[in-house]
Structure formats: C-alpha cells, structure tokens
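First listed ligand is number 1; within each ligand, the first listed atom is number 1. Sequential numbering from 1 along the given sequence is applied to the chain's residues.
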Amino acid sequence: MRRGSLLQLLSLTVAAFAIGAVIALVIPWMPSAASKEAGRIWFTYWFATWISLGIFAIVFAVLVYALLKFRVREGDLSDGPPVHGHTKLEIVWTAVPFALVTAISIVSAIVVAQNGHAGRDPLVVKVTAQQFAWKFTYPNGKTYDDALRLPEDRHVKLRITSNDVIHSFWVPQFGQKQDAVPGQVYSLVITPTKVGTYPLICTELCGLGHALMRSRAVVMPAADYDAWYERAGSAAPPAAGGGAGGGAEDAAATFTQNGCGACHVFSAIPGATGKVGPSLDHLKRAAASAGEDDLSAYVKESIVDPNKVVAPGYQPGVMPPNFAQQIPPDKLDALVQYLVEHTK
Ligand code: CUA
C-alpha cells in the first residue's frame, strides 16, 4: 500500500472517530452516577462504547476509502480481480473481535460480582411495592412511604418485594433496576456516593396508576442520616389500634401509605390528585346515585369490594381488590370515617 493511501485512510479513521467521540461526549446520555454501583456500570458502558467507536471509525474509513478509490470508471466493463480469501486477514479479523468481546465480558463479570457485594455490615431496608405506592421499612421496624432515606458512603442492601403484582424498582442515578415480585424477596446493593434527592420510579407496567407510582430516594450525609434515624427510633410509635387522638392523622397516613392518592383526587390530602379512579371529594353524590343511604357502608364496600359498584365512566377490575387484606380492620374503619368526614 502506498504511503499516500495509508495517510488518507488514517485521516478518514481519525475524522470518523472524532465525530463519534463528540456525539458520545457532548450529549448527556446518562444521569450522573450517585452510587458506586452506578459508577461501575457507567464504566462498563463507556468501555464498550469506546471500543465500538474505534471499530466504527475503522469500518467507516475503509468503506468510504473503497467507495472513492475503487469505484468503476466510465466505460470499464471488466470484472474485478478474482480473490480467494486471505488467511492472515481472516486470522486478524477473528482474533481481534474475540479479544475485544472477551475483554468486555471480563469487565462486565467483575462489575456484576462487585455490585452484588454488600460488605459485612450493610444497612438493610425492606422495600415493599404495592399498586401504586412504595413503602420502606428500616431495621427499627419503622415504615415510611414518603421517601427512601439512605446514608452516604455506606453499603445498603434493599430487600425488595411486592404485595400484589410485579413492579420494578428503579432510581436512574443508582443505575440498577430490580423487579418486585409477590412472594419473592430480591436483594439489591446500593452504596450512595452523592448527597441529593433522586426520583424513585416503578419501571414495570403494573396497572393504570403505574405512571404515578413514584417516590424519592434521599441520600443524606452519614451524620444527618444517623440523627434522623435516632429521632425516628425514639419517637413514640404510631398509635396501634384505636388509641385516643391522632385518628385523623392515622387515617391520612393509611390513605397515603396505600397509594390511594395516585388514583384518586381527595382535597383533604395534599398530593392526592390521581385521575385513574373517581374523585373522592363527592362521595355523598356517588352514594346517592348508587342508591345507597348509608355513606359509611358505601365507602367501606367501595374499598374492600371495589368491583361491586363501579362509578359511571370507570372500568371494573382497575382498583386492587385486596385492600381488606392490606389494611388492618381498625385502620380501615378509621379511613372510612375520615373519608366520610372530609368528603362533600
Ligand atoms: Cu408499580 Cu408500575
């Protein structure tokens, strides 16, 4: 090969690689990693991407060079030279991809192994998915539904399960997804590295409220987390079973913990703006049009047996039919009372 041709090929390769590199680097393809695991996954991604870019540049250069250099001249009707393979070339184009794919496999295997490693003393948080809300239970037995709070720079082992259908846990900045399957508990290790608040998303179609099944992951500095955890642990436990006072607060908590606001509008509770099911602001009218005089009985029946009376304009089979098993009887009664008192 002449020196001039080699130089042309080389400059085409460099140009193609430069264009690829600009597209790879300028566009923010990934959220910035907020955990060690995500950092490793991003590394694997870029490792494979740079290799692919190199191959793309070489293939692109050879293709463009061949198109320009060896195109048929006008009036040339002769056949091309007969070529019967090239052993050296074939060895090279088998060995190089083999080496590259092996390298990607090894890097991936190391990352998968490291990402499953929770260390000796991980913080274990139970994550429970349910149509259409997330619940987080800490080692002190306390359950939160507003956010998954995690300390910075500590191994966290999430134990993920579901109460009803298959959901999937995803915080984009943590890089991993894990299905939440009823009857199974799956682990996911996260080691947060960046303080901040990140979206926590259900990423498995789980029903009409799927798009609204969102929460937050809050990564706190270790000291702040310890202070929060201590405070949470020493506070009086939530009134279990009909203690005097706090009834309305309890009922509101039951409402949010069960994800009611993801599907229903209810003005008494901030954030209850779901449009999947009927509004709960006008239950009296709904009961009347269903021919039901006892509002409490109507509301309770609508929660535990949602398909018996379906509001006009809505479909049966949408609301989970298992709330009678999910909500203890005393909490259910408190919730019914709360709804009756706060509706119009
Ligand atoms: Cu839960 Cu989608």
Inset, instruction - Please assess Ser5 against Tyr65 for the test side-chain hydrogen bond (donor to acceptor under 3.5 Å, both in side chains), listing each intermediate value before the final yes or no. - result: CA-CA 9 Å; Ser5 310; Tyr65 180 84; 3.1 Å; yes
Inset, instruction - With side-chain hydrogen bond (donor to acceptor under 3.5 Å, both in side chains) as the test, would you mind laying out the steps for Thr161 and Gln184 before giving the verdict? - result: CA-CA 6 Å; Thr161 191; Gln184 303 283 341; over 6 Å; no
Inset, instruction - For Asn163 and Gln130, run side-chain hydrogen bond (donor to acceptor under 3.5 Å, both in side chains): C-alpha distance rounded to whole Å, both residues' side-chain angles, the deciding distance at 0.1 Å, then the answer. - result: CA-CA 5 Å; Asn163 278 343; Gln130 182 185 319; 3.1 Å; yes
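A ring-centre distance under 6.0 Å is not found for Phe17 and Phe60. In this structure, Trp228 has its ring center under 6.0 Å from that of Tyr138.
Within the sub-2.8 Å shell of atom 1 (Cu) of ligand 1, the protein contributes these N/O/S atoms: His167 ND1, Cys202 SG, Cys206 SG, Met213 SD.
Side-chain contact check for Ile327 versus Thr254: some heavy-atom pair is nearer than 4.5 Å.
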